[in-house]
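Reading through the structure tokens given below for one structure.
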Amino acid sequence: MQLFDVVFYLFALVTIVSAGIVVFSRNVIYAAFSLLFTLFGVAALYVMLQADFLAVTQVLIYVGGILVLMLFGLMLTSRVVSVDIKGSSVQTAPALILVALVAGSLAGIFYSTWKSVPAASSAAVTTTPLLGTLLMTTYLLPFEVASVILLVTLLGAAFIARRKRKA
Amino acid sequence: MGALEHVWGEFASWLPHVQLAHFLIVSALLFAFGLYAIITRRNAILLLMGVELVLNAANLNLVAFSHYKMLSLDGQAAAIFVIILAAAEAAIALAIVLNIFHRFQTVNVDEISSLKE
């Protein structure tokens, strides 16, 4: 077992265990903070897949943006007086069976189909300039559409979240 | 028992050499956890966290295939767009959730069943 494998199992364990805490925790604040470790673990797996730009993007956008937004949402929507901070779950038994089936079949398919794939070249490449070129050539139209979507999102979120003035 | 031991022996000898399928299995587990959260959680924001887990699982698949199959970074470009859309989705959804909270005083998705007051 080489260093790569050890590091992979470490980060895979961090990712999976903290994802489990996100899903099974009764306390929504614990769930939110363990989502942090899940996202960091996925970023580390991106690094192991030589996706350096994506790893940094993951940390910046998911951890710095989305997670903070969710924490804000949790804090603003949990009533302090009634301490309604429990995240109750319903239908746990059938959901557990269904999800175990889905996970088992997915993992089985992945294992049996891609059990022996030739190892990728371990030569270090910097993906950032290549991705920038790709975004400006092949994916130019989706890139522009994404910028329009972000503008619409900005306006829409500000408009929806604004408190209506009582007439 | 012999067949089971044979399968397990094969799996145990495969396990230490990390390659494509390892990443895919991690992503399958992430997807399953996200699905579980979407099914069972009743707090709208925890539901959103389940959606983020599912999106992360899909992204991990895209990047893993992009690395191991030499798909010339197309998978990573797709993953970037997924991240952009996830950010937009989270912002809009949280704005809607905050509005719902002001109106109904709850974020339990089972209790939010009317369009008008």
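Source: prediction; values computed, not measured.
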Between [X] and [Y], which heavy-atom pair has the shortest distance, and what is it?
X: A/Gln91; Y: B/Thr40; value: O-CG2, 4.0 Å
X: A/Ile16; Y: B/Val26; value: CD1-O, 3.8 Å
X: A/Leu54; Y: B/Ile83; value: CD2-CD1, 3.8 Å
X: A/Leu134; Y: B/Leu73; value: CD2-O, 3.7 Å
X: B/Leu30; Y: A/Ala19; value: CD2-CB, 3.6 Å
X: A/Ala107; Y: B/Ala28; value: N-CB, 4.3 Å

Determine whether [X] and [Y] fall in the same hydrophobic cluster, where Ile, Leu, Val, Met, Phe, Trp and Tyr are linked whenever their side-chain heavy atoms lie under 4.5 Å apart.
X: B/Leu29; Y: B/Ile39; result: yes
X: A/Leu106; Y: B/Leu24; result: yes
X: A/Ile29; Y: A/Leu35; result: yes
X: A/Leu45; Y: A/Leu3; result: yes
X: A/Val17; Y: A/Leu10; result: no

Heavy-atom distances under 4.5 Å only: say whether [X] touches chain B with side chain, backbone, both or neither.
X: A/Phe110; result: both
X: A/Leu150; result: side chain
X: A/Val102; result: side chain
X: A/Ala100; result: neither
X: A/Leu98; result: side chain

| message | Run B/Ile80 and A/Leu131 through side chain to side chain contact (heavy atoms under 4.5 Å, CB included) and show every step you take. | response | CA-CA 10 Å; B/Ile80 287 181; A/Leu131 266 179; 3.9 Å; yes
Contact origin within [X] toward chain A - heavy atom pairs under 4.5 Å:
X: B/Phe23; value: both
X: B/Ala86; value: both
X: B/Leu85; value: side chain
X: B/Ile25; value: both
X: B/Leu53; value: side chain

| query | Is there a side-chain contact between B/Tyr36 and A/Leu96 (heavy atoms, below 4.5 Å)? | reply |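 In contact.
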| request: State the CZ-CD1 distance between B/Phe33 and A/Ile21, to the nearest 0.5 angstrom. | output: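 Reported to 0.5 Å precision, the distance equals 10.0 Å.
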| query | For the atom pair CZ (B/Arg41) and OG1 (A/Thr92), what is the distance rounded to the nearest 0.5 Å? | reply |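 Answer rounded to 0.5 Å: 11.0 Å.
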| said: Counting heavy-atom pairs under 4.5 Å with chain A, which one of B/Gly34, B/Ser27, B/Ala32 comes out on top? | reply: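 Ranked by heavy-atom pairs under 4.5 Å with chain A, first place is B/Ala32.
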| said: Under a 4.5 Å cutoff for heavy-atom pairs, which residue among B/Val107, B/Leu60, B/Ile100 has the most contacts with chain A? | reply: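 Among the listed options, the one with the most contacts to chain A is B/Leu60.
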Among [options], which residue forms the greatest number of heavy-atom pairs with chain B at distances under 4.5 Å?
options: A/Leu135, A/Thr127, A/Val152; value: A/Thr127
options: A/Phe4, A/Phe143, A/Tyr46, A/Tyr111; value: A/Tyr111
options: A/Ala51, A/Ala103, A/Gly156; value: A/Ala51

| request: Return the orientation label for the B/His22 and A/Tyr9 ring planes: parallel under 30°, perpendicular over 60°, tilted otherwise. | output: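 Rings of B/His22 and A/Tyr9: perpendicular, as their planes differ by over 60°.
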| Which of parallel (below 30°), tilted (30 to 60°) and perpendicular (above 60°) describes B/Phe81 and A/Tyr139? |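 Answer is tilted, since the angle falls between 30° and 60°.
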Give every donor-acceptor pair under 3.5 Å between a side-chain atom in residues 55-74 of chain A and any protein atom, sequence neighbours left out.
from: A/Thr57; atom 1: OG1; to: A/Phe53; atom 2: O; distance (Å): 2.6
from: A/Gln58; atom 1: NE2; to: A/Leu39; atom 2: O; distance (Å): 3.3
from: A/Gln58; atom 1: NE2; to: B/Asn56; atom 2: OD1; distance (Å): 3.0

| query | What residues form a side-chain hydrogen bond (donor to acceptor under 3.5 Å, both in side chains) with A/Ser18, not counting sequence neighbours? | reply |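 Listed in chain order: A/Thr38.
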| Given A/Ile160, which of B/Leu94, B/Ile96, B/Leu98, B/Val97 fulfils the side chain to side chain contact (heavy atoms under 4.5 Å, CB included) condition? |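 Among B/Leu94, B/Ile96, B/Leu98, B/Val97, the one that satisfies the side chain to side chain contact (heavy atoms under 4.5 Å, CB included) with A/Ile160 is B/Ile96.
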